[in-house]
There are 4 protein chains.
Amino acid sequence: MEDVVGTKGRPRDPETTRLIQKVALDLAYSGGIGNATVERIAEHSGVAKTTIYRRWPNAASIVMDGFLDEIGPLIVYDEKRSIVTTLKSNIRHLVNALKGRRGDLLRHLVGAAQTNDELREAFLHQLIEPRRTLAREAFQRAIARTELRAEADAEIILDLIYGAVYYRLFVSFAPFHAKFVDQIVDRAFHGMTTDP
Amino acid sequence: MEDVVGTKGRPRDPETTRLIQKVALDLAYSGGIGNATVERIAEHSGVAKTTIYRRWPNAASIVMDGFLDEIGPLIVYDEKRSIVTTLKSNIRHLVNALKGRRGDLLRHLVGAAQTNDELREAFLHQLIEPRRTLAREAFQRAIARTELRAEADAEIILDLIYGAVYYRLFVSFAPFHAKFVDQIVDRAFHGMTTDP
Amino acid sequence: MEDVVGTKGRPRDPETTRLIQKVALDLAYSGGIGNATVERIAEHSGVAKTTIYRRWPNAASIVMDGFLDEIGPLIVYDEKRSIVTTLKSNIRHLVNALKGRRGDLLRHLVGAAQTNDELREAFLHQLIEPRRTLAREAFQRAIARTELRAEADAEIILDLIYGAVYYRLFVSFAPFHAKFVDQIVDRAFHGMTTDP
Amino acid sequence: MEDVVGTKGRPRDPETTRLIQKVALDLAYSGGIGNATVERIAEHSGVAKTTIYRRWPNAASIVMDGFLDEIGPLIVYDEKRSIVTTLKSNIRHLVNALKGRRGDLLRHLVGAAQTNDELREAFLHQLIEPRRTLAREAFQRAIARTELRAEADAEIILDLIYGAVYYRLFVSFAPFHAKFVDQIVDRAFHGMTTDP
DNA sequence: TTTTAATCGAGACGGTACGTCGCGTCTTGTT
DNA sequence: AACAAGACGCGACGTACCGTCTCGATTAAAA
């Protein structure tokens, strides 16, 4: 969604790209996604609107890009001994990353994604699917090594687990308490692991 | 969020209230929530903008009210023999109600609710919480009659079930397949029922 | 423009009439004629809009009525020994009455009268013409007693004198200096009096 | 009050400026100054409201600018043999220019100027003062060449003459008859010229 | 004493216009 | 080409007043 252009003429300044993203993210953090308008980003960064539109189709996309860049490294995927432990660790990172202002911004972004296909694609393909794919593969390995019973349905279990997390964020607007992650993961896997 | 006013002066015309709501909903269904602007609702209904603003603070609230009025009766709560059957029936109604254009509109509304507290309250208190309360009470009765094991945690199980539904709607944008409801409910309750 | 109504039914409260006028005038003095809206007069007086519209056709008319009531007694017409002295005294009263905030309000009212026939009529028939008629009659008496030459044209002389006053007020926005009244009256009458 | 802007960025289209002015003037002539609203000017000209507000602060200012552009050339200043002849010719042009719809529009504009400082300044500095300055200078030359007596006070004489004209227009709402100009000028200058 | 008729307060209502914000596109001159 | 600057058409916002209307509650003279 960026600096891919022809070879002739003056090249786009990557510093400008970064600056736009930073300013957009700052504005969104400080006043909600509605505060990050192209108009304001231009003004606060000293960059012309045309320069912005050359890189992104709308303001929310800039914020989304900035947000994904920021949140990515925070949700470490790190495979543990068992699938349950792996998922618990993984979800815990997710839940921690979404505490406070970052969760609010994600809410705003997902909100905007409901009426904007570009945002939806970005959100889905850059945040949701990659992590789900990793988890799905871990499922297969767990079944292969008979840690999980063969009939364990990754899609259902992952829908339940991720669902519970995002449900609290977007739907019931409830905070995450300390035992939440353990409880949902345990419940979703109940009776599917071969160990006692 | 509406005709709740004092006894003095000329009373608000309830017919006008209904008309505004209907027009708003029609516009939202035909072109997304962005199509339901106060300007357009006024134009299409022959009602003055001031008359609209006297009842609702913004266009999305009108659509939300209309939507909640419409969807309410569709999600029948109807208690069956067992808690599992009750929930399956209940969730099936929900899932059916949210197929097609109604699901899209709910997505838009929940999207808007992420940046608008009034919408969020309406959505939460008029749609989410009443149903959750009914389910919570059914849980207690099921435990009382020893259909459910005493350690069954209603909050966790309901987060998982409702979460999975709304996750598909808002986050993974995946359709509901035929066995989905049975699968998620069974998985969430696994090992918690006393019958075989 | 007021309390003239049928005999049956509840009579209009003359106290209310006075209150409306007072509030309107106060608003106009404190924030210009644009501050005296029917809406605001109603709010500040605790009187209903219908009650106001039953008495006057618009806000400016209320202010005009209040203003004319107030300014009338200030512009004393008081016939002196000679026509020149009479006019000088008369104009001096006018000029004094129009100093400060009263002049500003008259400017606003005459401004509004340019686009509002009702105001124009009120202004003309209640303020301008009565005084002009008195002056015209004084002219005739002055000619009759050979104080003024027979060819003295009252219309021209009065247009010049009154014109100069209102010109400073509405057109050149210049203040009235001490000798102004004497100078314009003397100049307008030059060579028309029979003495010295 | 217009195209006075820096050199940077896309320049304002002067054609658009002229178009706006023309449409505003047409609207004002056909339905009074109240007919020339920014909304209507935008609609009738196909120009966006923002484009209009970028040039003028309100509708009346546009009409004023258009009016001054139009009336300027009509009030020819053309110095004759004597000061009296010069002024008569000058005032005759003014009176002729203000006959009919143009006089009505000026009335509306001056009316609006009573509550709007920007209009007042424009009217004063672009219409009133330049002509008054020319006349004042002609006075000085007439005194220098002993055509006028040295004690002739330009300010008083001009207040009387211009005053009489505008008084008929704004205050007494009386038409200009054929001999009016000669009469007021002769009367105002009476005894001040050195020739018989 | 009961009508009957108008007044009064409150506030709804359809309108018109306001001035502003943000959008995404465009046209300048400069780098 | 990219870039800063800013014009431009557009759509919508939420507000202010307008003058009219519909309520229920007074108030006074006529029946």
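Throughout, a chain's letter reflects where its sequence line sits, starting with A, and its residues are numbered from 1.
One can find a donor-acceptor pair under 3.5 Å joining the base of F:dG19 and the side-chain atoms of C:Lys49. Below the 3.5 angstrom threshold, one finds a donor paired with an acceptor across the side chain of C:Arg10 and the base of E:dT7.
For A:Thr51, whose side chain is taken as the heavy atoms from C-beta onward, the closest listed nucleotide among F:dA4, E:dC18, F:dC13 is F:dA4. Ranking E:dC18, F:dA4, F:dC17 by closeness to the A:Thr50 side chain, first place goes to F:dA4.
One can place CD1 of D:Ile52 at 14 Å from C1' of F:dA7, the figure rounded to the nearest angstrom. Residue D:Glu43 contributes atom CD, which lies 15 Å from atom P of F:dG9 at whole-angstrom precision. Separating the CG atom of C:Asn58 from the C1' atom of F:dT20 is a distance of 15 Å, rounded to the nearest angstrom. Rounded to whole Å, atom C1' of E:dG24 lies 16 Å from atom CH2 of A:Trp56.
The residue D:Arg40 sits close only to the backbone: its heavy atoms come under 4.0 Å of sugar-phosphate atoms, none of a base.
Not one side-chain nitrogen or oxygen of B:Arg12 sits closer than 4.0 Å to the OP1 or OP2 atom of E:dG11. Dashed line: the shortest gap from a side-chain N or O of D:Arg54 to OP1 or OP2 of F:dG6 is not under 4.0 Å.
Among D:Arg102, D:Arg101, D:Arg107, the single residue meeting the salt bridge (charged side-chain N to carboxylate O under 4.0 Å, His left out) criterion with D:Asp104 is D:Arg107. Checked options C:Ile62, C:Thr17, C:Asp65; the residue passing with C:Arg55 is C:Thr17 (criterion: side chain to side chain contact (heavy atoms under 4.5 Å, CB included)).
DNA chain E is contacted by both B:Gly46 and C:Ser45; C:Ser45 maps to the nucleotide lying nearer its 5′ end (nearest heavy atom per residue). Nearest-nucleotide mapping onto DNA chain E: of D:Lys8 and A:Val38, the residue sitting toward the 5' end is A:Val38.
For the pair D:Gln114 (side chain) and C:Leu109 (backbone), a donor-acceptor distance under 3.5 Å is absent.
With respect to the salt-bridge test (charged N to carboxylate O, under 4.0 angstrom), the residues C:Glu15 and C:Arg18 qualify.
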